[in-house]
Every structure is written in C-alpha cells, then in structure tokens.
There are 4 protein chains.
Amino acid sequence: MIQIDPRSAAPIYEQIIEQMKILCLKGVVKPGDKLPSVRELATIIIANPNTVSKAYKELEREGIIETLRGRGTYVTEGAQSKLNEGKVVEMKEQLRQLMIEAHYAGIDIHQLKVWLEEIGSSLKGGKQVD
Amino acid sequence: MIQIDPRSAAPIYEQIIEQMKILCLKGVVKPGDKLPSVRELATIIIANPNTVSKAYKELEREGIIETLRGRGTYVTEGAQSKLNEGKVVEMKEQLRQLMIEAHYAGIDIHQLKVWLEEIGSSLKGGKQVD
Amino acid sequence: MIQIDPRSAAPIYEQIIEQMKILCLKGVVKPGDKLPSVRELATIIIANPNTVSKAYKELEREGIIETLRGRGTYVTEGAQSKLNEGKVVEMKEQLRQLMIEAHYAGIDIHQLKVWLEEIGSSLKGGKQVD
Amino acid sequence: MIQIDPRSAAPIYEQIIEQMKILCLKGVVKPGDKLPSVRELATIIIANPNTVSKAYKELEREGIIETLRGRGTYVTEGAQSKLNEGKVVEMKEQLRQLMIEAHYAGIDIHQLKVWLEEIGSSLKGGKQVD
DNA sequence: GTGGTCTAGACCACG
DNA sequence: GTGGTCTAGACCACA
C-alpha cells in the first residue's frame, strides 16, 4: 500500500506518515483497521523497523492511529476529521508558495484559476483521481 | 525589512529567499534597487554571512537578483519574464496534486479560488487576510 | 465491574490490580467474596488470560486475594492489615517528595489538602469530583 | 547537573526529561539559557547521543526548550509556566494513588493531613529542600 | 508476536 | 560544531 521513494529529499519516516494520512483520507484504511506491524511494514518497504516505528509514533502523537499494547496498531475513530483540520493550514501554505513561484514564471492569478477549472474537469471526467 | 524566525523549521537561508521574493512582489524593492550587502544583511538579521550568501546565490540563480562585481547586488529588471515551458508543466502538476488532496479533505474548487484571492491580496498589498 | 482502557499507557495487568484494589476499597467486593475466574475475567474484559493471571498473582502476593485450589479466587479477610510500619515510612517519604515538587510548582499545603478531600470523595462515593 | 541512575526502571531519556524539568522549576536553568549540546550531555552522563536527542526532542515538543539550528538548544521563555500547568494533573494522580495505598495501610485522610503539616514544617524549618 | 528502549556508527544539512 | 536521519542489532516488557 505504501510506496517509498529512496531518492526523495523527504525522510523515509515522513514519506510513511504522509502516505498513511493519504490512505486514511482516501478511505483505503478505515477507523478500527489494523495496520501492518512495525516489523511487517519495515520488511515490505525495505526500511529499518526503527524508521517505521518513528513514523507510527508521530502518527499516534497526532491522534491518527493508536497502539494497543502487544496487539498492534490501529486507525483511530477520529482520524479523518483530525486530518482534515490540519490539512487546511497546510494547503493554504502550499497555495501561497505556488503563487509566489507563479509570479516569477509570469503567471497571474487569473491563469491559475483557469487551470483550476481545467484540472477540475479532467479529474471529474477522466477519472484520473490518483 | 526581513524578519527571521530562528525557531522556524525552515532553514534561515530559505526564509531569506522567501521573504526577498515577497518584498519584490509587494514592490517594496523594485528592479534596479540596490540590496544590502551580504555582510550588512547578515549583521541586520543576526545571521552567519555564509547563510546570507547562500540565499543571494540562490536568488541570483533564479534570476531574481544580480551581482555586479564590486558594486553590490541589485534586483533584476526582467524578473517577471522568466516564463519557461518546464515551469508551467511543473506548476500545473503541483496544482493537480493539490486539487486531489483538497478533494479528499472535502475542499472544493470554489474554496480554492477564494483562498487564491486571499493570498493574492496579502502578497501584493499589505493586509494579512490570513 | 472492571473497565480496561487499552489505550492507556498503563499495562493492562496493572489496570486490573489498581481497579481491583479500588473495588475492595469501595466495598463493592468484600472479604470472602468470590472473584471471577481468570478465564471468566479475561473473557469479560477481552484480555489475554495470561494477563489476568499476572494481575491475580500480584494481588495474591500482596495478600489482597487468595486462591483456593479448585474452588476459585477470594478476597482475603485481613486485606487491610497486611501492611506494616515499613509502609508508613515509605508513604511519608512519598508525601515529602510530593510536597517538594508541589513547592516548585507553586502549589501550597492548603491546595494539597483540598485535593485530598476531593479525591477522598471520589474514591469512597461515586461522584467524580475530578 | 543531571544525574542518571542506570539501575532505575525509568528509561534514560525519561530521566533526562524529568531532571531537566526539575532544573527549570527550581530555576537552576532559566529561560534563554543554553543547554549542553546533545553530544556534550551524552558524554557527561555517559549515554548515547541519540538517547539525549530523544529527550531534547520531547522537551521541545512540550515547548520547554527550543532548538536554534546549528546554534544549540535553549530554554524557552514560557518554560516554567508550561511546566506548572502539567504538574497539577500529574500531582493529583500521585495523590490519588497515595490515598489508595494509604487505605490498605489503615491510614485515613485526617492522618495524611497531619503528616502534610509535619512535613511542611520540617521543610520550611530545616531547609531540607532537596 | 507486539512495540519500547538503548547502543553504535554512519552520513547529511545548516550555520 | 549543531542537530536530523537512517541503519543494524540487541534486550526487555507486555499480551
């Protein structure tokens, strides 16, 4: 389920966190679902168990998943709502960065809106939702 | 003019780059304006000259500013006409990713447009609509 | 009767011990009362029988309960008088440490007494004054 | 300044966290003070730098200390007030545990209050404020 | 089998 | 020199 890009500048544990959040948001994993154990996931993505553990701990700290001692790790009930809240701040920052870049590429806000429409259509129509 | 937050997760040199770009966008500094020297700015923001130098080099690489040997560093004239194909493709892809994420967070295209306007105002003008 | 919080940082077997003591304290279970068997309790609280067993063994070691071969586990008569003078010294030392910590946190002796009353009520009665 | 007990059941990183908090509460280290670097402290207490790092990260997450990239780690301005808030919850739980234990030792709430007075006097008079 | 802790040693970005 | 990341391998408590 999780794909790690070892060439990425982003640390492996952050990639795990990010992708796990996406899986929650997409509904691929649902509240109550059991996640692969630290060792299992480490084997699957070919990483060190400690790295996976670090990702799981951060996700737990954020309240996305929870650990039941000796039984494994599970998705919490409120995972999706928590994720959505944090996402808004993150996305506005992304938009801000993007607009700064756009300016230096000679792209104005109007053009960005046109693109939004274009992409919106292609996503709905073409079912390229991934 | 430039405010550094030493507690931020963002490296200082990136904060300098980011804020210098915004100053250009807002028109606080205009094409042809002379920027403070590396050592001056380093003194002002209490940072290592190497750090400021790294930021200036990156800004120069992006064509935002230019260094005239022995005369100092200046904002370039044609900063806004760097339009190149690669950048456009890249930004549309960024927008696409962002819209997909927005979709899973329950954010629609209309909301994104509203945010674009908000951010556009805060970047150009002064009022922080955030 | 016993409520386990699988999310708690406290091990399940400690939660069982703790709650069993409280049940004795509140008088919900009295000396001579038969406790559920290891397997019964394990089923009720959805835990591993080994875990319940570990809790019962510790309670037995402390003299709170006793196991009668083939007949089950019972609350002892003299549960409350198992503790000796050494315990008193230990508790006064605990109190002393606690008062020192309280001092540095700006909590005075009066506040500690108020808390004692609060906690005393919640343990004996039912209303959670917390 | 920090003493680690390798025999303690408490993990080393928690001992560091705990003792650092006490040093803050006591005012031995003040807001703005620079803490020993990860490597320095690791050398001093004879532990692995990673272990010290883990402690520092947790303290930073709690807002007690802050990291200035490449410059070191410092005590935050609001360290003491934050510590005091968290301490209240912790101490009430300690008191609760202590009262349960007291019950089994035949000690009532009145006796505890008397002890509080006794200890309070000895701490003020004898300057045994360890 | 599960996660939690610790050590040792390596490499990297930042300043 | 500073912390951040990752790997490898060990041991322990809990269930």
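Naming: A, B, ... by sequence-line order, numbering from 1 per chain. Only heavy atoms go into these numbers, but all of them, side chains included; no hydrogens, no water, no symmetry mates.
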Polar side-chain contact Asn50(C)-dA15(F) base: donor and acceptor under 3.5 Å: no
Presence of Arg71(A) side-chain N/O under 4.0 Å of dA15(F) phosphate oxygens OP1/OP2: no
Complement of dC14(F), any strand, by Watson-Crick or G-U distances under 3.5 angstrom: dG1(E)
Atom pair CD/CD of Glu77(D) and Glu66(D) - distance to nearest 0.5 Å: 8.0 Å
Of Gly72(D) and Asn48(C), the one whose closest DNA chain F nucleotide lies more 5': Gly72(D)
Nearest-angstrom distance from the residue atom CD1 of Ile45(C) to C1' of dC14(F): 14 Å
Distance in angstrom units between Ile12(B) CD1 and dA13(E) C1', rounded: 13 Å
Given DNA chain E, 5'-ward residue of the pair Ala47(D) and Lys57(A), judged by closest heavy atom: Lys57(A)
Which residue lies more 5' along DNA chain F, comparing Ser37(D) with Ala10(C) via nearest heavy atoms: Ser37(D)
Basic-acidic side-chain contact under 4.0 Å: Glu60(D), Lys57(D): no
Rounded distance in Å - CZ (Arg39(A)) to P (dT5(E)): 14 Å
Atom-to-atom span, CG of Leu41(A) to P of dG3(E) - whole angstrom: 10 Å
Residue pair Lys82(A), Glu85(A): steps toward the salt bridge (charged side-chain N to carboxylate O under 4.0 Å, His left out) verdict: CA-CA 5 Å; Lys82(A) 274 186 186 123; Glu85(A) 290 168 22; over 6 Å; no
Distance, rounded to the nearest Å, where Arg7(D) contributes CZ and dC12(F) contributes P: 17 Å
Lys21(D) and Glu18(D) ion-paired at < 4.0 Å: no
Rounded distance (nearest 0.5 Å) linking atom OH of Tyr104(B) with atom CG of Asn84(A): 12.5 Å
Touch class at under 4.0 angstrom, heavy-atom based, for Tyr13(B) against every strand present: sugar-phosphate
Between dG4(F) (C1') and Glu60(D) (CD): distance, integer Å: 11 Å
Nearest to side-chain heavy atoms of Lys54(B), which nucleotide of dT5(E), dC14(E), dC6(F): dC14(E)
Euclidean distance, atom CG of residue Leu68(D) to atom P of dG4(F) [Å, nearest integer]: 12 Å
Distance in angstrom units between Tyr74(D) OH and dT2(F) P, rounded: 10 Å
Which residue lies more 5' along DNA chain E, comparing Thr51(D) with Val38(A) via nearest heavy atoms: Val38(A)
Distance test, side-chain N/O of Thr73(A) to OP1/OP2 of dG3(E), below 4.0 Å: yes
